[in-house]
K.L.:
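My questions all concern the structure below.
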Amino acid sequence: QVQLVESGGGLVQAGGSLRLSCAASGRTFSSYSMGWFRQAPGKEREFVAAISRAGVRTDYADSVKGRFTISRDNAKNTVYLQMDELRPEDTAVYYCAGANQYYTYSDTDSYNSWGQGTQVTVSS
């Protein structure tokens with residue numbers, strides 16, 4: 001499995017922006033579809049965004065569509081989540097995940113590699 005390490009989380013005011021990064025171990029990154037998920041206290045882990053292996057296809061949860069942008073740089077073994085127009089309800093631990101097989105992009109069970117998570121807190 002690919003090793004994933006998230007960074008870029010922090011505290012931001014509502015309406016602000018953050019850019020999360022997920023660095024992956026080498027050699028097999030381009031074979032993974034990548035996703036971002038988040039989990040707020042007392043809630044189940046939920047899908048945020050996903051990107052295909054070559055970055056051609058992207059998918060977003062309705063709650064973040066138009067505000068968040070997922071991208072990847074396979075040469076750098078990195079996937080990004082640009083988060084704009086942040087809202088307090090975006091507060092959660094954000095996880096980077098990889099899937100190296102056919103997958104349902106919004107299904108957590110489709111992903112077989114996970115990062116440790118990075119906290120995003122949006123104040124009102």
Side-chain angles (χ1 to χ4, degrees):
Q1 298 181 3
V2 64
Q3 182 181 2
L4 304 173
V5 180
E6 303 98 330
S7 62
L11 175 64
V12 65
Q13 293 183 346
S17 298
L18 284 173
R19 184 175 179 87
L20 305 183
S21 298
C22 175
S25 58
R27 298 191 180 277
T28 61
F29 178 69
S30 62
S31 70
Y32 282 78
S33 298
M34 301 297 297
W36 287 96
F37 294 78
R38 66 188 183 188
Q39 187 166 19
K43 296 184 178 180
E44 293 187 357
R45 184 174 46 187
E46 67 175 358
F47 167 75
V48 176
I51 189 166
S52 62
R53 291 180 294 174
V56 175
R57 175 177 175 172
T58 57
D59 295 279
Y60 299 92
D62 288 342
S63 59
V64 307
K65 195 172 299 181
R67 300 188 297 119
F68 291 9
T69 303
I70 188 171
S71 61
R72 68 189 297 163
D73 187 339
N74 286 351
K76 296 181 178 180
N77 280 13
T78 304
V79 63
Y80 305 94
L81 184 67
Q82 177 67 44
M83 304 185 294
D84 298 319
E85 304 173 43
L86 282 162
R87 305 166 180 170
E89 53 263 41
D90 295 319
T91 296
V93 176
Y94 283 70
Y95 297 91
C96 177
N100 65 349
Q101 58 188 10
Y102 181 81
Y103 78 128
T104 301
Y105 64 81
S106 62
D107 184 2
T108 59
D109 291 337
S110 292
Y111 295 81
N112 55 357
S113 296
W114 292 86
Q116 81 288 348
T118 185
Q119 177 70 47
V120 172
T121 302
V122 184
S123 62
S124 60

K.L.:
One pair to check against side chain to side chain contact (heavy atoms under 4.5 Å, CB included): Ile70 and Tyr80. What are the steps and the verdict?
P.N.:
CA-CA 6 Å; Ile70 188 171; Tyr80 305 94; over 6 Å; no
K.L.:
Counting the benzene-type ring for Trp, do Phe47 and Phe37 have ring centres under 6.0 Å apart?
P.N.:
yes
K.L.:
Would a distance-only check, ignoring hydrogens and angles, find a side-chain to backbone donor-acceptor pair under 3.5 Å from Asn77 to Ser25?
P.N.:
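Yes; judged by distance alone, with no hydrogens or angles, the pair exists.
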K.L.:
Mind checking whether Arg57 and Asp59 have side chains closer than 4.5 Å, heavy atoms only?
P.N.:
yes
K.L.:
To the nearest 0.5 Å, how far apart are OG in Ser30 and CG in Asn100?
P.N.:
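The CG atom of Asn100 is 11.5 Å from OG of Ser30, to the nearest 0.5 Å.
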K.L.:
Are the side chains of Arg38 and Tyr95 in contact, using a 4.5 Å heavy-atom criterion?
P.N.:
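No; the side chains remain at least 4.5 Å from each other.
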K.L.:
Counting N and O atoms only, with roles assigned by atom type, does the side chain of Thr118 sit under 3.5 Å from a partner on the main chain of Gly9, one being a donor and the other an acceptor?
P.N.:
yes
K.L.:
How close do Pro88 and Ala14 get, heavy atom to heavy atom, and via which atoms?
P.N.:
CD-CB, 4.1 Å
K.L.:
If you count the non-hydrogen atoms of other residues, nucleotides and ligands that lie under 6.0 Å from CZ in Arg53, is the total more than 12?
P.N.:
no
K.L.:
Between the main-chain N or O of Thr108 and the side-chain N or O of Ser110, is there a donor-acceptor pair closer than 3.5 Å?
P.N.:
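No.
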K.L.:
Do the side chains of Val79 and Cys96 get nearer than 4.5 Å, heavy atoms only?
P.N.:
yes
K.L.:
Roughly how far apart are Gln82 CD and Ser17 OG, rounded to 0.5 Å?
P.N.:
5.5 Å
K.L.:
Without swapping roles, check the side chain of Gln13 against the backbone of Ser123 for a donor-acceptor pair under 3.5 Å.
P.N.:
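Pair absent, no side-chain N/O of Gln13 close to backbone of Ser123.
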K.L.:
Find out whether Val48 and Tyr94 are in side-chain contact, i.e. whether some heavy atom of one side chain is under 4.5 Å from a heavy atom of the other.
P.N.:
yes
K.L.:
If you compare all heavy atoms of Asp90 against all heavy atoms of Glu85, which two are closest, and at what distance to 0.1 Å?
P.N.:
OD2-O, 4.4 Å
K.L.:
Would Tyr60 and Phe68 count as a ring pair (Phe, Tyr, Trp, His ring centres under 6.0 Å) here? Give the steps.
P.N.:
CA-CA 8 Å; Tyr60 299 92; Phe68 291 9; 8.2 Å; no
K.L.:
As an exercise, state the distance from CG of Leu20 to CE of Met83, rounded to the nearest 0.5 Å.
P.N.:
3.5 Å
K.L.:
Given Lys65 and Asp62, is the salt bridge (charged side-chain N to carboxylate O under 4.0 Å, His left out) satisfied, shown in steps?
P.N.:
CA-CA 5 Å; Lys65 195 172 299 181; Asp62 288 342; 3.2 Å; yes
K.L.:
Strictly by modelled atom types, are Thr121 and Gln119 linked by a side-chain donor-acceptor pair under 3.5 Å?
P.N.:
yes
K.L.:
How far apart are the C-alpha atoms of Lys76 and Phe29, what are their side-chain angles, what is the distance that settles it, and do they pass the side chain to side chain contact (heavy atoms under 4.5 Å, CB included) test?
P.N.:
CA-CA 9 Å; Lys76 296 181 178 180; Phe29 178 69; over 6 Å; no
K.L.:
Determine whether Tyr105 and Tyr111 make a side-chain contact, defined as any pair of heavy atoms from C-beta on separated by less than 4.5 Å.
P.N.:
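Tyr105 reaches Tyr111 side chain to side chain.
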K.L.:
Take atom CD in Gln3; do more than 12 heavy atoms of anything else shown fall under 6.0 Å from it?
P.N.:
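Counting other residues, nucleotides and ligands, CD of Gln3 stays at 12 neighbours or fewer.
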K.L.:
Tell me every residue that passes side-chain contact (heavy atoms from CB on, under 4.5 Å) with Ser113, counting only those two or more places apart in sequence or in another chain.
P.N.:
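Partners of Ser113 by the side-chain contact (heavy atoms from CB on, under 4.5 Å) criterion, ordered by chain and then number, come out as Gln1, Val2, Leu4, Tyr32.
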K.L.:
Do Ser71 and Arg19 have side chains that get closer than 4.5 Å, going by heavy atoms?
P.N.:
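Of all side-chain heavy-atom pairs linking Arg19 with Ser71, at least one is under 4.5 Å.
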K.L.:
Given side chains that start at C-beta, do those of Leu86 and Leu18 come closer than 4.5 Å, heavy atoms only?
P.N.:
yes
K.L.:
Could you state whether Leu81 and Val93 fall into the same hydrophobic cluster, counting links through intermediate Ile, Leu, Val, Met, Phe, Trp or Tyr residues with side-chain heavy atoms under 4.5 angstrom apart?
P.N.:
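Different hydrophobic clusters.
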K.L.:
How many angstroms lie between atom CG of Asp73 and atom OG of Ser21, to the nearest 0.5 angstrom?
P.N.:
10.5 Å
K.L.:
Could you give the distance from OG1 (Thr69) to CG (Asp84), rounded to the nearest 0.5 Å?
P.N.:
6.5 Å
K.L.:
Mind checking the CZ-OG spacing from Arg72 to Ser52? Nearest 0.5 Å is all I need.
P.N.:
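Rounded to the nearest 0.5 Å, the CZ-OG separation comes out at 7.0 Å.
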K.L.:
Looking only at heavy atoms, which two atoms of Ala23 and Thr78 are closest? And how far apart?
P.N.:
CA-OG1, 4.3 Å
